[in-house]
Trainee: 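Supplied in structure tokens, the structure appears directly below.
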Amino acid sequence: MNPGEEDDGDKLIQGPVRQRHCTDAPCAIVFIAYIAGFCYLCYGLQKHSDPHEVTAGRDYRGRSCGWDAGVEDLKSVYFPDLAVDFKGKNVFAPKYGICVATCPKARTVLEDYVDDPMQKRRKAQWFVASPSVSVIGRCLPYDDPVLHQDGRMCAWPRCLPAASLACTKGDILCKARKICGSQDDFEDTSEFWYLTPPRALQQPVRGRTRPAAMEIDGAFLQEHHAELEQACEVPVSRSFQLSMEVDDNAFSMLMKRYSGTLFRSGKVLLDNFGMVLAIGFGSSLVLSFLLILGFSAHMGFFIWVAIALLFVGLIALDYCFFVKAGIASGRTGTRLLDRLQGGGDLLYTEPPAPMLRHMPDIKRSAIESLRAEEDPVRQTVFRVLAFLLAAGIFLMTCVIAYLRKRIKVVVALAREAARVLREMPSLMIFPLVGVGSVALLGGGLAFTMVCIMTLRPTALLRFSEKYPFIDVSEFQEDPERAQRYLIYLVGFSVLWLWFFHVALFLTTVSGAVADWYFYRLDPVAERRIGIGMRSPGWYFGRPVLMSCGRVIRYHVGSVAVGSLILALVKLPRLALEYAEQQLDSARGNNGAAQVALNTSRCCLCCLDRCITFLTNYAFIYVAITGKSFCPAAQSAMGLVVKYPVQLAVESFASSVVYWLVVLAVPTINVVIAYILIPTAWGVCGLVIAVTSFMVAAIAISVYDVCMTSLFVCAVRDAEYFDGRYAPLSLREAMGMTTVDAKGPSLELQRWPPAGELGDNG
């Protein structure tokens, strides 16, 4: 068959069809109309709701801070009397609040409102004992003891007592060594001398003894600070904490304690934000890219190591079964354990029971597991399990021997996927753009949820006046029902938009990979523009922009219908979980109901996974072939039926690389953070570890899509073009050795015969 011909409408022209047409156009229209209508609904909800009920606090007069008359410029509310407010039975009752422009500082005095027409004022003045931070318009107190520096001292050489010989003129060190500490200080510092002025020299502190040489001006220490620091052999830094103890109840103390931890952690993150961002995102991307390239070069080794570890674990488990069944003595296993734990005696002797009690827990449990069961019934059970597992290991050995060729194909796919990422590194960045888009949409949808929860009672009345042809009378009688339906609508929109982003990611990456596969060696320069670093007109991000633009222009409908199917499949599972929560108290200990519920959950989970798997492959076929969604899904089903083993091996290999990368990248970045951020490493290290895990998982998802797309391209190439466009390594691994009458593969001759690639290719 010629590359430009079609056969029964399924064998399309070469690779990613360049002359495309809009697919699933009605679905695209429906999706755009739905998004437009949903945006209009969100706009209307914002106009007829009071979101400041959540985003702004209220004072003890019931005024909304920052919104109502008289407090327009006071954006936050401070709660000065939480100790009394939390003593009531209802901790969720309105608290005594005062609107303030900014949260007051600790150890200051806050003036209450001067006028008190409602006679609700408790005090005229309030002492602010604890610092607070504004969170959603509320000043939340936190426990943050103030750390004061009390001067820098020198422990060696010692301080000179006042009765010692007088210092000679110009002896700076002698004069400084007579500015000693005191015995009744926080600690005995009478033998230390000050390198910097003590706090008592700078400002008086009540209740503290002044240093012995207080008549010495602190300017002397500041003037000769560099010389004194050089003369001191053992410097000492002194500091003390100042905290206010307020008669709070347990709830407010607990809130201050944890809010203080969160506030200090947030402050540490802000202070090291640049370093956390650079390590969490930048370093994670670079490390993921390098590890993917490294693991891909040795994919065969890692796959065989993983298989070997699996067999070792199964054989060890089977050996334990044989010992429990009384067939094996267990001496070999015990000697091996003793050898691995450093024991040098290879002659096994049964340890007596008193000695066994004093052994380490791990070794004792291991030795006890290598003893035969005394119960005959249990011995019979272990005997059956041992022989069944032995048969399973034998069958797995046969399966692995059969899968050698498939593993070779996966190794070739892994190497070519790494090659694709080297040619198009912007593929690693593209998912982060989607993450940013999802974050913005999430913020907008969260604000919409707030608008729904604060919807005014008159909103439905105005809606019926504006749209009289829509009957909303039943909702006017039950406004909570309308809010509930609106929440359901927002939840469904979240699912649809999330899966739309996932589908856009799959189609964009697979389209860029298909461009590279079929056109990397095309002799016509116009068809090779921007598909790789070695192609003409390439710049960073161009392959992604070309592929994404093609998807948005031609296949929005297919992406929308596929993402809609994924969202609809998720609804029954969510409904089942909601029903379980509602019926949990009524069901009690009904075993039959629990079995039915678990069975339904299992069936829905299997259905969800199957449809998700096929839909993802359908998106890849849409990008590669230009088909509509349903024909693409049919082609994906044919691929799964024809190559189930190969797809399973590919999934296993992707899982191996996934766990290697997502464990290695956070570990390396945490070590880097420990070196570069020595102070407050714990909080920054935790955030960096979580961020690194997410970035590494996203990078692996790109690599997985590249492997899958290459396999789909190779299958189409082998079926329709005798593997003419396949790279040499992939061609040899898949056994595409047949050469048609028109010439060898493109990797061998570097370009196809003239005229074979028409404009439609």
Side-chain angles (χ1 to χ4, degrees), residues 46 48-146 242-267 270 443 446-447 449-457 483:
Q46 188 271 334
H48 298 90
S49 62
D50 298 313
H52 60 271
E53 295 288 341
V54 175
T55 59
R58 289 185 177 274
D59 63 2
Y60 63 87
R61 296 184 183 179
R63 296 178 297 182
S64 182
C65 297
W67 292 86
D68 291 342
V71 290
E72 299 92 340
D73 298 330
L74 307 178
K75 303 296 184 181
S76 301
V77 59
Y78 177 73
F79 305 101
D81 207 11
L82 288 176
V84 175
D85 293 335
F86 280 121
K87 287 181 180 178
K89 295 182 179 180
N90 185 10
V91 296
F92 298 103
K95 306 298 183 291
Y96 187 91
I98 301 174
C99 292
V100 293
T102 58
C103 295
K105 297 181 179 180
R107 300 181 303 281
T108 59
V109 177
L110 177 65
E111 300 288 342
D112 207 325
Y113 300 135
V114 177
D115 55 330
D116 188 21
M118 304 177 66
Q119 300 296 320
K120 290 185 176 182
R121 186 175 64 181
R122 297 180 184 177
K123 291 182 180 180
Q125 293 180 332
W126 298 93
F127 179 74
V128 182
S130 303
S132 58
V133 59
S134 181
V135 179
I136 319 180
R138 280 88 170 168
C139 294
L140 299 183
Y142 62 91
D143 185 17
D144 186 22
V146 180
L242 180 64
S243 60
M244 296 288 179
E245 295 185 1
V246 187
D247 185 19
D248 289 346
N249 63 353
F251 186 86
S252 59
M253 291 178 63
L254 189 67
M255 183 184 69
K256 288 199 302 182
R257 182 179 305 169
Y258 286 103
S259 63
T261 302
L262 293 175
F263 175 75
R264 288 190 293 272
S265 301
K267 188 176 181 181
L270 287 177
F447 182 75
M449 292 289 287
V450 172
C451 293
I452 293 174
M453 300 303 296
T454 59
L455 196 63
R456 301 192 193 106
Q483 289 179 330

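Only this structure's heavy atoms are used, side chains among them; waters, hydrogens and symmetry mates stay out.
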Trainee: Starting from the C-alpha separation in whole Å, work towards a yes-or-no answer on side chain to side chain contact (heavy atoms under 4.5 Å, CB included) for V128 and K105.
Mentor: CA-CA 7 Å; V128 182; K105 297 181 179 180; over 6 Å; no

Trainee: Report the residues that fulfil salt bridge (Lys or Arg N to Asp or Glu O under 4.0 Å) with R122, sequence neighbours left out, ordered by chain and then residue number.
Mentor: D81, D85

Trainee: Could you list the residues that satisfy salt bridge (Lys or Arg N to Asp or Glu O under 4.0 Å) with R138, not counting sequence neighbours?
Mentor: none

Trainee: Which residues pass the ring pair (Phe, Tyr, Trp, His ring centres under 6.0 Å) test with Y60, not counting sequence neighbours?
Mentor: Y96, Y113

Trainee: If I take atom NZ from residue K123 and atom CD1 from residue I98, how far apart are they, to the nearest 0.5 angstrom?
Mentor: 11.0 Å

Trainee: Just how far is it from atom CZ of R121 to atom CG of D112, taken to the nearest 0.5 Å?
Mentor: 6.0 Å

Trainee: I'd like to know if the side chain of S132 reaches the main chain of P141, judged simply by a donor and an acceptor atom lying under 3.5 Å from each other, with no hydrogens or angles considered.
Mentor: no

Trainee: Output the distance between atom CH2 (W126) and atom CD (E111), rounded to the nearest 0.5 Å.
Mentor: 12.0 Å

Trainee: Throw together a table of side-chain donor-acceptor distances under 3.5 angstrom for residues 69-79, partners on residues two or more places apart or in other chains.
Mentor:
from: E72; atom 1: OE1; to: G70; atom 2: N; distance (Å): 3.1
from: E72; atom 1: OE2; to: G70; atom 2: N; distance (Å): 3.3
from: K75; atom 1: NZ; to: E72; atom 2: O; distance (Å): 3.3
from: S76; atom 1: OG; to: S134; atom 2: OG; distance (Å): 3.3

Trainee: Supply the atom-to-atom distance M453 CE to D50 CG, rounded to the nearest 0.5 angstrom.
Mentor: 13.5 Å

Trainee: Using side chain to side chain contact (heavy atoms under 4.5 Å, CB included), reason through V100 and L110 one step at a time and then give a plain yes or no.
Mentor: CA-CA 9 Å; V100 293; L110 177 65; 4.0 Å; yes

Trainee: For H48, what residues pass the ring pair (Phe, Tyr, Trp, His ring centres under 6.0 Å) criterion, not counting sequence neighbours?
Mentor: none

Trainee: Taking side-chain contact (heavy atoms from CB on, under 4.5 Å) as the definition, give me every residue that meets it alongside S64, ordered by chain and number, with sequence neighbours left out.
Mentor: H52, A56, R58, W67, D68

